[in-house]
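Structure first, commentary second.
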Amino acid sequence: MSSLLLVNGRFHTQDPACAGATAVVIRDGRFQLVGSDRDARAAAGPGAEVLDLGGRLVLPGMIDGHFHYYDWALGRRRVMLANVPSLRELQDRVAAKARSAAPGTWILGQGWNENEWAERRLPSRADLDQAAPDHPVLLWRSDLHLAVVNSMALGLAELGPHTPNPPMGVIDKDAQGRPTGILRDLAINLATARIPATPDAEVAQAFQDGFSCLYETGLTGVQDQRLMGGPEGAQAFRVWHDLEAAGGLDLRVWMNLPGERLEEAIALGLRSGMGGDRLRVGHCKYFSDGAQGVHTAWMLEPYDDDPGTGLQLTPMAEIEQALRRAHPAGLAIAVHAIGDRACRELSLVFQRVLGELGACPTAPRVPHRIEHLQLVHAEDLARMARLGVMASVQPISVLDDIPMMAPTIGARTRIAHAWRSMLDAGVELVFGSDCPVSDPNPFKGIHGAVTRRRDDCTGPEGWHPEQRVSVAQAVWAYTMGTAKVSGQERDLGSISPGKLADLVVADRDIFRVDPMEIAQARPALTVFDGRVVFGAL
């Protein structure tokens, strides 16, 4: 097989043994040599394909550490509501879809955020009834923790004045006790259970359609997260496996399992890290609370604009029991925790269980992890660091949260998105986007981590600038951080001889440009498994 030779680059290898490299030789999907132009040309031999990088910056292939791939891939075929500027625009898009859809078929969409509207109010079933009276409608909010449905959908789901709240969910009702159309957390599943299943073949095509979109951002892999209580986990796992078996999986996928399937996973002998170079069994995913924007994040003290303290989803006793079962069975767990009460309780659970079980011979070979950690105190970070629990955070989300957090939690924003505090405490970071909640472009994520700045509402130093991280730390979290949390440090995360040949050639040097320009960076070239999959030089 011929070699691919890349020369005249500035390689940010993240490997001290290969510092200062300007060239690589790739053969059979792996880096054969990382070094100088002269050594690489000699090693490549005659017949190698040569690409001159023109002095551009080269990064390891980036992996998104928190990506709802199933929801994103299918969502691209639904009504796209991200960045809609008003409730009226949302209604217009739903109405346009209704005009082309057969009566009675479901209209699905996602991505709206009422905080971006002049109305600054949640939509209601009446608003959707105006737009699509002859179709059941369900529209997820941007955070996926809240959805709005119309009257037809409420009827199909048999949700009425006397329907009680389900465990770990809330059905909003008006003064007369009638559902408003707003469903929070697991109450959403009461409606989604009535939506006809999407055939595997359609899901597989949606999955494949997304690969090229990710290459265009510099992503060569995702850590695929599960939502709670829905049927998508089993179908996603099946479709990923079928794509890999058919040779159609051109992405690195770490497939997290739904926590409610833990006992089945143990019985089947599944272990975190099982699999090959493209698909591996991941963590078992749990939810300890909801989301900040809809006031279901579990807080130590009430919200400033609400007397409540949020919502505990999975009881801590249940999460503790799951960890006691999973850890000795070789399955690592990942737990969604946003509010400071959720992070506090969860860190204590890890301390109790791991303190008792420790490094048993059958313990998972990958770290346990906590997702989001949007509000977390120093004492909880210290516990995480001692236990080796990694923090999976989404730096791009700070740019969405800045306008929302001050009215919601006031002075407590000092512990919000505290990435520098995490690093200082010794907690290792994994960066992702929470896509489709936020844009998956990792350069935008790096920009958010480095600047914490929005032009419209933050000064030149950014929002709580003491929590900024360096460009090198942000790149590490998208590369070595994601490799370490999946136990793949020997194959991914750096540009090193013998590792899988995934890399990104950037169109500008993000270490040298104005940090506010990082968000505009794009790949000039993306290489996956030793093949150029995007761009040209």
Side-chain angles (χ1 to χ4, degrees), residues 1-64 208 210-222 243-244 247-253 276-279 442-443 475 478-480 482-483 488-511 521-537:
M1 183 176 179
S2 63
S3 302
L4 176 62
L5 172 61
L6 306 182
V7 298
N8 190 23
R10 286 183 61 279
F11 284 78
H12 181 72
T13 65
Q14 299 193 137
D15 181 346
C18 300
T22 61
V24 296
V25 178
I26 297 172
R27 182 177 288 119
D28 297 328
R30 291 183 180 266
F31 296 115
Q32 180 189 20
L33 181 142
V34 182
S36 67
D37 285 14
R38 184 177 64 180
D39 290 346
R41 289 183 185 278
E49 179 184 359
V50 181
L51 295 177
D52 188 320
L53 303 182
R56 294 180 178 88
L57 173 69
V58 186
L59 304 172
M62 290 184 278
I63 292 178
D64 190 305
Q208 288 184 298
F211 297 165
S212 60
C213 295
L214 299 188
Y215 301 152
E216 292 174 15
T217 70
L219 289 173
T220 54
V222 297
L243 283 173
E244 184 191 34
L249 179 53
D250 287 330
L251 199 68
R252 313 282 179 208
V253 178
D277 291 341
R278 302 198 182 192
L279 177 63
F443 291 106
V475 171
Y478 269 113
T479 53
M480 282 304 300
T482 49
Q488 294 175 282
E489 306 99 309
R490 293 184 179 181
D491 285 317
L492 298 171
S494 67
I495 299 174
S496 305
K499 287 196 175 187
L500 293 165
D502 300 345
L503 59 79
V504 180
V505 180
D507 67 354
R508 67 200 74 192
D509 189 336
I510 62 174
F511 292 90
R522 294 292 184 272
L525 201 73
T526 301
V527 174
F528 171 77
D529 211 43
R531 296 178 291 110
V532 175
V533 292
F534 171 74
L537 296 175

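Ion pairing of Arg278 with Asp529 is present here, as a side-chain N (NZ or NE/NH1/NH2) and a carboxylate O approach within less than 4.0 Å. Look at Asp491 and Arg252 and you find no salt bridge, because none of the NZ, NE, NH1 or NH2 atoms lies under 4.0 Å from a carboxylate O.
To the nearest 0.5 Å, atom CG of residue Leu503 and atom OG of residue Ser494 are 12.0 Å apart. To the nearest 0.5 Å, atom CG of residue Leu59 and atom CZ of residue Phe511 are 6.0 Å apart. Note that NE2 of His12 is 8.5 Å distant from CD1 of Ile495, once rounded to the nearest 0.5 Å. The structure places CZ of Arg41 at 13.0 Å from CG of Leu33, a figure rounded to the nearest 0.5 Å. Here Leu492 contributes atom CG and Ile63 contributes atom CD1; the two are 5.0 Å apart, rounded to the nearest 0.5 Å.
With hydrogens and angles ignored, the 3.5 Å screen pairs no side-chain donor or acceptor of Thr526 with any backbone N or O of Val533.
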| said: I'd like to know whether Asp37 forms a side-chain contact (heavy atoms from CB on, under 4.5 Å) with Asn8, so could you lay out the CA-CA distance, the side-chain angles of the two residues, the decisive distance to 0.1 Å, and finally the verdict. | reply: CA-CA 7 Å; Asp37 285 14; Asn8 190 23; 4.1 Å; yes

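Applying the side-chain hydrogen bond (donor to acceptor under 3.5 Å, both in side chains) test to Gln14 and every residue at least two apart in sequence or in another chain returns Thr479. Evaluation of the side-chain hydrogen bond (donor to acceptor under 3.5 Å, both in side chains) rule for Asp507 yields no partner, not counting sequence neighbours.
Tested against Leu53 for a side-chain contact (heavy atoms from CB on, under 4.5 Å), the candidates Val24, Leu537, Thr22 yield a single pass: Leu537.
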